[in-house]
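What follows is a set of notes on a single structure, which appears directly below.
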Protein chains: 2
Amino acid sequence: MVRSRAEAASPFQTASHDHGSCIEDALDRAAQLCAARGARLTELRRQVLQLVWRGHEAVGAYAVLEALRRSHPGAAPPTVYRALDFLIEHGLIHRIESLNAYVGCSRPERRHVSQFLICGKCGDAAELEDSAISGALLRRAGALGFAVEQQTIELRGLCPRCRPNARAK
Amino acid sequence: MVRSRAEAASPFQTASHDHGSCIEDALDRAAQLCAARGARLTELRRQVLQLVWRGHEAVGAYAVLEALRRSHPGAAPPTVYRALDFLIEHGLIHRIESLNAYVGCSRPERRHVSQFLICGKCGDAAELEDSAISGALLRRAGALGFAVEQQTIELRGLCPRCRPNARAK
DNA sequence: TTATGATATGTTATATCATAACATCGTCAA
DNA sequence: TTGACGATGTTATGATATAACATATCATAA
Ligand SMILES: [Zn+2]
Ligand SMILES: [Zn+2]
Ligand SMILES: [Zn+2]
Ligand SMILES: [Zn+2]
């Protein structure tokens, strides 16, 4: 029932989602990945990652800062932004450009191009990895002579749980 | 040679691009559209639109503000942001989320979902309207039970003119 | 024409997001 | 031990955006 790693069914959160396991899993995977790469997941960075993973909503840097200060009173904006930069570089979180906010990556093991479905009601930011879509964009751009370096794909709308006629699946 | 309206060939700028006609055309079309819709394209809004259209790069609100002050010394941030809001509502400009900046719409006559190809070197922001891509996103999201309200699709990279092996077409 | 309401703009202050610059600390290897 | 490097501390500032309220302008109906 936990579905923490096997996200095959739906990328959205459900009532049965066990977020405790979810976040624990994310932190474990991050530790393993950093160890494997020789990157230092310091306690500060681990705490920031944990705070970004508090939910599946994108969270602003200053919200992270405020929460971080409970365990780390001297924290200042650069404290958080540097940790966020590290986590982004290592693919552990993503930045949501349309929200100026950050969200945990659901598949940090390998670099990928993802698409986000962001619910305007509950804030849930679901990460897709649809290679047909990213591939179509790559081909279309390539045909126009444009060399793609990065894709930002963010859809706003209502997730299944927040739709008016939400017949749960 | 102007290619101001018929963008069929390439959405990118070329050496032969006549931007004088381009911007004049954009302002004319904006006036017509607003008249037809009963919207008031005031002198202030028209000037802001003109400033956004100074080039095909996305331009920040404060850059618009600085330029606007030459003709409108008392302008303040709300002056610009309100005009930008009006222009966005009427589809005359788009906001580029990944740049916190604004760019003129190349086809303001009807609402559309567009994709932007943004050159990291020259800044050119080319607007595509690829219904296959927007449709694929709609279908994929719909299959997951997500009701899409808005699409933000912004690709960063190098445009044909800025690519190292740029063989002009 | 003049009153009236709606829309647009002016004005001041502040909220929100992000980085520059330089100091200090910790770790590890020569 | 010391030097180099990376991480963090610290202060200040830059960049983007909005709240709140005052005033002006415009359209329309009395
Ligand atoms: Zn979870
Ligand atoms: Zn991811
Ligand atoms: Zn032009
Ligand atoms: Zn457009």
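Because the structure is predicted, anything quoted here is derived from the model rather than measured. All chains are named by letter (A, B, ...) in the order of the sequence lines, taking the proteins before the strands, and each is independently numbered beginning at 1.
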- Message: Would the distance check show the side chain of A:Arg69 and the main-chain N or O of A:Ala75 forming a donor-acceptor pair, the cut-off being under 3.5 Å?
- Response: yes
Between protein and nucleotides 28-30 of chain C, what N or O pairs are separated by less than 3.5 Å?
none

- Task: Choose from C:dT11, D:dT11, C:dT27 the nucleotide whose nearest atom is closest to any side-chain atom of A:Arg40.
- Result: C:dT27
- Message: Whether the side chain of B:Arg54 engages the backbone of B:Ile23 through a donor-acceptor N/O pair (distance < 3.5 Å, no angle test) should be reported.
- Response: no
- Count the heavy atoms belonging to other residues, nucleotides or ligands that lie under 6.0 Å from CD of A:Glu66, then report whether that count exceeds 12. no
- Each base of DNA chain C marked ( ) or [ ] if paired in-strand (Watson-Crick or G-U under 3.5 Å), | if paired to another strand and . if unpaired gives ||||||||||||||||||||||||||||||
- B:Arg45 side chain N/O closer than 4.0 Å to the phosphate oxygens (OP1, OP2) of C:dT9? yes
- Message: By the definition side chain to side chain contact (heavy atoms under 4.5 Å, CB included), identify the one residue from A:Thr79, A:Leu49, A:Val48 that meets it with A:Val64.
- Response: A:Val48
- Message: Keeping B:Arg95 on the side-chain end and B:Ile88 on the backbone end, is there a donor-acceptor pair under 3.5 Å?
- Response: no
- Can any side-chain N or O of B:Asp124 pair as donor or acceptor with the backbone N or O of B:Gln13 at less than 3.5 Å? yes
- Query: Just how far, in rounded Å, is P of C:dC17 from CD of B:Glu97?
  - Reply: 13 Å
- Message: With a 4.0 Å cutoff (strictly under), does any side-chain N or O of B:His72 reach OP1 or OP2 of C:dG10?
- Response: yes
- Item | Interatomic distance where NE2 belongs to B:His90 and C1' belongs to C:dA8 [whole Å] | 12 Å
- Item | Derivation of the side chain to side chain donor-acceptor pair (under 3.5 Å) call for A:His94 and A:Glu127 | CA-CA 10 Å; A:His94 294 289; A:Glu127 181 176 4; 2.9 Å; yes
- Task: Send over the distance from A:Glu43 CD to C:dG26 P, rounded to a whole Å.
- Result: 15 Å
- Query: Where the side chain of A:Arg29 meets the backbone of A:Glu109, is there a donor-acceptor pair that is under 3.5 Å apart?
  - Reply: no
- Message: Checking the side chain of B:Glu97 only, and the main-chain atoms of B:Thr152 only, is there a donor and an acceptor separated by less than 3.5 Å?
- Response: no
Pairs under 3.5 Å (N/O, protein and nucleotides 14-24 of chain D):
{"from": "D:dA17", "atom 1": "OP1", "to": "B:Arg95", "atom 2": "NH1", "distance (Å)": "2.5"}
{"from": "D:dA17", "atom 1": "OP1", "to": "B:Arg95", "atom 2": "NH2", "distance (Å)": "2.7"}
{"from": "D:dA17", "atom 1": "OP2", "to": "B:Tyr81", "atom 2": "OH", "distance (Å)": "2.9"}
{"from": "D:dA17", "atom 1": "OP2", "to": "B:Tyr102", "atom 2": "OH", "distance (Å)": "3.3"}
{"from": "D:dA17", "atom 1": "O5'", "to": "B:Tyr81", "atom 2": "OH", "distance (Å)": "3.4"}
{"from": "D:dA17", "atom 1": "N7", "to": "B:Tyr62", "atom 2": "OH", "distance (Å)": "2.6"}
{"from": "D:dA17", "atom 1": "N6", "to": "B:Tyr62", "atom 2": "OH", "distance (Å)": "3.3"}

- Task: Mind calculating the distance between CD1 (A:Ile96) and P (C:dA18) to the nearest angstrom?
- Result: 12 Å
- Provide, to the nearest angstrom, the distance between the CG atom belonging to A:Leu84 and the P atom belonging to D:dA7. 15 Å
- Task: May I ask you to decide if the ring planes of A:His19 and A:Trp53 are parallel, tilted or perpendicular, using 30° and 60° as cut-offs?
- Result: tilted
- Side-chain donor-acceptor pair under 3.5 Å between A:Gln151 and A:Ser134, yes or no? no
- Query: C:dT7 P sits how many Å from B:Phe86 CZ, rounded?
  - Reply: 13 Å
